[in-house]
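The figures that follow rest on heavy atoms only: side chains count, while hydrogens, waters and symmetry mates do not.
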Amino acid sequence: MGTPEFPNLGRHCSVADCRQIDFLPFTCDRCNQVLCLDHRSYARHSCPKANQQDVTVLVCPLCAASVRLVPSEDPNITWEAHVNTSCDPSNYQKATKKKRCPVPHCKEALVFSNTIKCRDCGREHCLKHRFGADHKCPGPKKPEAGFPFMNMMRGSKKGPAAAPRSSTTGSSWWGSVSSVQPQAFGLLPKPAWRG
């Protein structure tokens with residue numbers, strides 16, 4: 001077999017009727033026989049271990065879960081074991097319901113490759129409705145005018161309207177601070193008295 005330079009080159013097919021020499025032989029992953037191109041499939045070389053590693057999975061019509069059938073066991077026994085132990089019909093809607101574009105009359109299912117999240121409204125849309133005008137986006141939220149601490153100085157806008165307070169009388173913190181002379185804190189220079 002082979003050539004004088006490469007004595008291990010090529011192998012004979014393991015099928016008794018064939019025995020063809022093949023320089024690029026295949027090895028069956030189930031029975032480990034060496035095979036030619038014509039006999040590499042399980043059916044063509046009548047592999048005795050062809051069905052031992054097959055995996056058959058059924059989708060349960062009640063809960064949409066996958067049920068693996070054991071090759072050496074009756075499928076009815078496997079099915080009964082699933083129905084009696086782990087079958088949860090309330091899971092069916094969660095497993096089968098697909099997210100859809102929220103635009104009215106759009107039936108596009110949202111998957112990883114066609115989903116865009118709007119920066120302004122934060123909702124997910126299909127590519128057709130990715131622009132704000134296409135999905136009637138209310139636009140970005142506008143920040144409140146002014147600074148948030150300005151409301152503390154004016155009084156609370158929430159609740160009943162408070163009576164205006166004078167700067168000298170009042171029990172609020174701001175009223176007590178405003179009645180103190182600024183010179184007491186050393187913030188302003190003392191006025192120079194001329195005599």
pair C13-P25: side-chain heavy atoms closer than 4.5 Å: no
- Atom CG of D29 with >12 non-hydrogen neighbours under 6.0 angstrom: yes
Which is it for T115 and C126 under the side-chain contact (heavy atoms from CB on, under 4.5 Å) test, yes or no, and what are the steps along the way?
CA-CA 5 Å; T115 302; C126 66; over 6 Å; no
Sequence neighbours excluded, the answer for side chain to side chain contact (heavy atoms under 4.5 Å, CB included) partners of L127 is N114, I116, R130
| request: Give a yes or no on whether the backbone of E108 and the side-chain of R100 come within a donor-acceptor separation of less than 3.5 Å. | output: no
What one should report as the nearest heavy-atom pair of P89 and C87 is CD-O, 3.8 Å
- Task: May I ask you to test the F26-C36 pair for a side-chain heavy-atom distance under 4.5 Å?
- Result: no
Please check if the number of heavy atoms outside R119 that lie under 6.0 Å from its CZ is greater than 12. no
Under a side-chain separation threshold of 4.5 Å, the hydrophobic residues clustered together with V55 are V57
Note: with side-chain heavy atoms under 4.5 Å as the link, the other cluster members for V34 come out as none
The remaining residues in the hydrophobic cluster of W79, counting side-chain heavy-atom contacts under 4.5 Å among Ile, Leu, Val, Met, Phe, Trp and Tyr, are V67, V83
Output for pair (D88 CG, T85 OG1), nearest 0.5 Å, gives 11.5 Å
Going by heavy atoms in the side chains, are L58 and L69 under 4.5 Å from each other? yes
Taken in chain and number order and not counting sequence neighbours, the residues that satisfy salt bridge (charged side-chain N to carboxylate O under 4.0 Å, His left out) with R30 are D54
Grouping ILVMFWY residues whenever side-chain heavy atoms fall under 4.5 Å, the cluster of L110 otherwise contains none
Between the NZ atom in K136 and the SG atom in C121, the distance rounded to the nearest 0.5 Å is 13.5 Å
D134 meets the side chain to side chain donor-acceptor pair (under 3.5 Å) criterion, sequence neighbours left out, with none
When every non-hydrogen atom of C28 is compared with those of Y42, the smallest separation belongs to SG-CE2, 3.9 Å
Sorted by chain and residue number, the side chain to side chain contact (heavy atoms under 4.5 Å, CB included) partners of A64 (sequence neighbours excluded) come out as Y92, A95, T96
Legend entry - Audit row: D38, Q20, side-chain contact (heavy atoms from CB on, under 4.5 Å) steps and yes/no: CA-CA 10 Å; D38 294 334; Q20 176 183 355; 4.3 Å; yes
So do the side chains of R68 and T78 get within less than 4.5 Å of each other, counting heavy atoms only? no
NE2 (H39) and SG (C47) are apart, to the nearest 0.5 Å, by 13.5 Å
Hits for side chain to side chain contact (heavy atoms under 4.5 Å, CB included) against V103, two or more places apart or cross-chain, chain-then-number order -> C101, C106, H125, H129, H135
Applied to residues 39-49, the salt bridge (charged side-chain N to carboxylate O under 4.0 Å, His left out) test, sequence neighbours excluded, yields none
By ring pair (Phe, Tyr, Trp, His ring centres under 6.0 Å), H45 pairs with (sequence neighbours left out) none
Applying salt bridge (charged side-chain N to carboxylate O under 4.0 Å, His left out) to K99 and not counting sequence neighbours gives E124
